[in-house]
Structure formats: structure tokens, C-alpha cells
Novice: 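Here it is: the structure, laid out below.
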Amino acid sequence: FSESFRCIVSIDARYEQRIEILLEELAFGQPKAKIENFPSMPRSQAVRSETSANCEKSHLIILVHGLHGSDTDMRFVRSSLQEKYPEATVHSARCNSFWTGVKGPVLTHQGIDTGAVRLADEIEREASRHSNLSQFSIVGHSLGGLYSRYCIAVLLQRGFFERVQPVLFCTFATPHIGSRRPSRGWFNPLACWFTKTFSETGRQLMLEDAEPEKQPLLVQMTQPGSDFMTALSMFDVRMLYANVKGDWQVPFSTAAILPHNPFLKYDRAHKFMQDYPHVLEVNALSEPISLPLPGHPAEHPVDPAEANESRRIVEDMQADPIPANFFTDSYFTNPDGVFKNDSKRENLSIILNNLNTLKWHRYAVYINSIMCHDHIVSKYTDSERAGKDVVDHFVNNFPV
């Protein structure tokens, strides 16, 4: 049955790989949802040893979408990387796609661990096509960043990094510390309840998945000496992109792995990089503002009154500037008191402290839109291509 089916769908090559994944799931079932003998991570039966095609490129870059996403979410990231670095293979992961699998969109509801094992299987399938593979990078958007962190531990245990050098680990708007929110207001409690109720993934993001003698998954993924942290430390470069405001799905602090978001206090006092009008300079809040202002692309004129008002705000705040070492690890080694009103404060502090034992290159992004969570990877192909400069910044800073 399967071979006949493959012949039929091969008429349209666009869907052939997706159908093959479907057939593997029908034949072998979903990968194991929980790793019972932690930290041993078994290989799914769906991985095939044969090489379907030979590729001479030496660097494999994997792009990983987020919740309810698909392999097309990061198509602009993919095309930009392919244009800039034709010597690399850029592959958009499909295994957790909205349109992939018998159970459709619920694939991203089945848990970070389950989706990550599927992702590791797909990466090994793709890697088997490369006869000269020597370098590996992975880029995740939103939930895709957590899939990526778990996945690289699976790959480490399977011996993948014995033959391939890990180069770049990068995430865009990923909830590294989880999705818990302060209990103030009406929206935060509602969002917390909904997140932990709708799926296993949601419970993991809310740190509500603890079992007797077993910590929440996000805490496990930061334990010193674990395969998770060992794999993460092996990458030459680790990069984070975080929206400073307006990202109701993944707030700045959890995306940047930091305890505070000072940009909320000085909302209009932003200074942007010269060639990237939505990427803030690291010392943006300790220097006088320069044009363009938020919401004004570089080529658009700025109202003089608005410019003067923003400069006045900057002058007023000079007595209390954000520390110049705001993005350095040493400034955030003691987050005591940050989570004092959260019942999971001990777990949250562990995650924050442990992840900050590694060096991260952090980039703050301000896109004045309620869709900034998607725009940060320029997800939509509209005429304005919101977030294009953020992707350009990433591509131009890609370590090669």
C-alpha cells in the first residue's frame, strides 16, 4: 500500500516528503511521548537509515516553527539565508506542522518532549542526505525554540554531534522561562488558566507538569550537567531575539531570559540600530535618542513635536538610566524577589539562573503592532514585509 501511495503523490513533489512522514506515522505510530528512563532518549522507529539523495553542502540549518505553525512560517528567514549563504542547506522542519500528521493541528499540543523527538527524527533524516555534513545550526520561533533546546539533547545522546559541529543556536520570541504571568489584572489569570488547561504543552509552559519525585520539564531542561545544558553549551554562538512590548504570547523577559523588562518604563525612549529600524541598540536607554522613533521607518518623516517630546523624556531619565551592562550575564545572577508572588518562584529562579550560566547574544526588538510575535520573523508576505529588517539583522550576524 505504502509504495503505491508514494508513486501517486510523487506526481506533485511539493507534498512528497509530507506524505512520507504521514506513512511513517501510520506504520510506526507517534514517537514516544515521555522519556521514561531520563536522561536516555530512544530513537524513534520512524528514522530510516537509507540516503534518499546525496547533497554536497556541509552546513545544515534547521528552522523550527511554533505553536499551530507550519514549515512556511519562516519562509522569509529561509529564503534570506539561502540567498546569503548558498553553500548551506536551509531546511524548514515539517514534523510538527499544522498540516502534517493524522491528528492535524494537535501535534504542537502533545508536549515539548514529544514534538522534539519528532524533530530529532526529521533532522537525522535530512542529515542522512548530506555526504559532507560537518556543521549544524538550529533556529526556533516561539515554541520552536523549546523544541530546539530539547531536540539538541536528543541529538547529543544519539551521537549526532560526534560527527557534526554545532555552530549557532538562535530563538525568536521563545518562552524559555515558561508562560506564567503575574496575577494582576483580568487578562493574565485568564491567559494562565487557558494555557495550562488546553494541552500537555500548555501544562509544561506553565510548569504544572510536575510529578512525584520529578520536576517540571522546563526545570529539567536547565539542570547543570544535563544533556540539555551540555548540548546547548556546545554551540559556538547562542542568540536571542525578544519583543520589548506588544507580544502578548511571549513577553520580553521570558524570551530574553531576563528577570525584568525596563523598556516598558521608557516606552518612547528607544534608540535603534542605523540599518535596522526595529532592532534596539544595547545601550538604547542610556543615551540621547536618535531618529527614527518607534513606529517611524527610517525613510518616513518624523513630527518635530514628537521628536522634541521624546528627547525631553530621555533628558528626564538621565538621572536613572538603565545600567550600561543591562544585557550582560553578571547583572542577572541574583533575581531574588522577581518572582516573589508566584507559587512557582523557586522553579522560575532555577530556570533563569541556570540558563544565564551560558553566554547569550541578546537583541531587543520593537515592532509597533499587535502582530509583533509573528512579525519578528517576518511571517507574512504582505507588501510592507513587517519585520524584514529583524531578519536581515539575523542573517547578517549569522556566524559563518
Side-chain angles (χ1 to χ4, degrees), residues 2 15-50 52 60-74 78 90-129 136-161 164 169 171 174-175 199-205 209 217-218 220-221 227-228 231:
S2 62
Y15 302 105
E16 186 170 2
Q17 187 170 1
R18 298 189 187 188
I19 295 298
E20 289 182 3
I21 295 173
L22 268 172
L23 290 171
E24 288 166 353
E25 291 177 355
L26 288 170
F28 302 111
Q30 296 291 333
K32 193 174 183 181
K34 289 289 183 181
I35 307 302
E36 300 297 342
N37 298 316
F38 182 83
S40 177
M41 301 177 185
R43 180 189 306 265
S44 167
Q45 287 180 293
V47 176
R48 297 173 298 161
S49 60
E50 73 271 21
S52 57
L60 175 61
I61 305 172
I62 300 293
L63 307 181
V64 189
H65 65 76
L67 187 71
H68 299 157
S70 74
D71 56 298
T72 63
D73 288 5
M74 301 176 74
R78 179 182 180 182
V90 186
H91 176 80
S92 294
R94 302 178 175 92
C95 59
N96 293 305
S97 173
F98 187 96
W99 300 108
T100 300
V102 178
K103 297 184 179 180
V106 300
L107 290 178
T108 54
H109 291 195
Q110 294 174 347
I112 297 167
D113 44 358
T114 303
V117 172
R118 275 195 293 260
L119 177 61
D121 295 344
E122 181 173 352
I123 289 173
E124 289 197 313
R125 282 195 297 268
E126 181 63 25
S128 69
R129 300 178 54 248
F136 172 79
S137 296
I138 190 164
V139 184
H141 174 228
S142 193
L143 179 63
L146 294 177
Y147 281 150
S148 300
R149 278 180 45 206
Y150 195 107
C151 170
I152 59 176
V154 179
L155 294 175
L156 175 66
Q157 291 198 342
R158 294 179 180 179
F160 184 78
F161 295 127
V164 177
F169 182 94
T171 63
T174 288
S199 71
E200 177 65 15
T201 301
R203 286 186 286 275
Q204 292 171 346
L205 290 173
D209 60 317
L217 181 63
L218 291 185
Q220 296 179 41
M221 289 170 61
D227 288 326
F228 299 112

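Remember, it's a predicted structure, so these values are computed and weren't measured experimentally.
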Novice: Could you tell me the separation between the CD1 atom of Ile138 and the CG atom of Leu155, rounded to the nearest 0.5 Å?
Specialist: 7.0 Å
Novice: Looking at NE2 of His68 and OG1 of Thr201, how far apart are the two atoms once the value is rounded to the nearest 0.5 Å?
Specialist: 8.5 Å
Novice: Look only at the side chain of Ser92 and the backbone of Leu63, and say whether a donor-acceptor pair between them is shorter than 3.5 Å.
Specialist: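 No: the side chain of Ser92 does not pair with the backbone of Leu63.
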Novice: For a quick test of reading the model, state the closest non-hydrogen atom pair linking Arg118 to Gln110 and the distance between them.
Specialist: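 Result for this residue pair: NH1-OE1, 2.9 Å.
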Novice: Taking only residues two or more places apart in sequence or in another chain, which ones pass side chain to side chain contact (heavy atoms under 4.5 Å, CB included) with Ser137?
Specialist: His59, Ile61, Val167, Leu168, Phe398
Novice: Which heavy-atom pair separates Tyr150 from Met221 by the least distance, and what is that distance?
Specialist: N-CE, 3.8 Å
Novice: If I compare all heavy atoms of Ile112 with all of Tyr147, which pair ends up nearest, and what's the gap?
Specialist: O-CD2, 3.5 Å
Novice: Measure the spacing between OG1 of Thr174 and NE2 of His141 and express it to the nearest 0.5 Å.
Specialist: 7.5 Å
Novice: Would a distance-only check, ignoring hydrogens and angles, find a side-chain to backbone donor-acceptor pair under 3.5 Å from Ser97 to Ser70?
Specialist: no
Novice: Is it true that Arg158 and Asp227 make a salt bridge, defined as a side-chain N closer than 4.0 Å to a carboxylate O?
Specialist: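 Salt bridge between Arg158 and Asp227, a charged N being under 4.0 Å from a carboxylate O: no.
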Novice: Could you label the plane-to-plane angle of the Phe136 and Phe161 rings as parallel, tilted or perpendicular, counting under 30° as parallel and over 60° as perpendicular?
Specialist: tilted
Novice: Has the side chain of Asn96 got a donor or acceptor atom that lies under 3.5 Å from a matching backbone atom of Gly115?
Specialist: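 Side chain of Asn96 to backbone of Gly115, a donor-acceptor pair under 3.5 Å: yes, one is there.
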Novice: When rounded to the nearest 0.5 angstrom, what is the spacing between CZ in Phe228 and CD in Gln157?
Specialist: 8.0 Å
Novice: Report yes or no: does Arg78 contribute a side-chain atom to a donor-acceptor pair with the main-chain N or O of Val90 at less than 3.5 Å?
Specialist: yes
Novice: Please give me the minimum heavy-atom distance between Leu143 and Pro175, naming the atom from each residue.
Specialist: N-CD, 4.3 Å
Novice: Evaluate the side-chain proximity of Leu146 to Leu205: yes if any heavy-atom separation is below 4.5 Å, no if none is.
Specialist: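 Sidechains of Leu146 and Leu205: in contact.
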Novice: The criterion is side-chain hydrogen bond (donor to acceptor under 3.5 Å, both in side chains); which residues satisfy it with Ser148, sequence neighbours excluded?
Specialist: none
Novice: Which distance, rounded to the nearest 0.5 Å, do you find between the CZ of Arg203 and the NE2 of His109?
Specialist: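 Here the interatomic distance stands at 11.0 Å.
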Novice: Cys95 pairs by side-chain contact (heavy atoms from CB on, under 4.5 Å) with which of Ile123, Asp121, Leu119, Val117?
Specialist: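 Per the side-chain contact (heavy atoms from CB on, under 4.5 Å) rule, the option paired with Cys95 is Leu119, out of Ile123, Asp121, Leu119, Val117.
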Novice: Is the side chain of Gln204 donor-acceptor paired with the backbone N or O of Leu217 at a distance under 3.5 Å, no angle test?
Specialist: no
Novice: Ignoring hydrogens, what is the shortest heavy-atom contact between Asp71 and His65? Give both atom names and the distance.
Specialist: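 Scanning both residues, the minimum pair turns out to be N-CD2, 3.9 Å.
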Novice: If you compare all heavy atoms of Gly66 against all heavy atoms of Ser142, which two are closest, and at what distance to 0.1 Å?
Specialist: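 In this case the closest contact between Gly66 and Ser142 is CA-CB, 4.3 Å.
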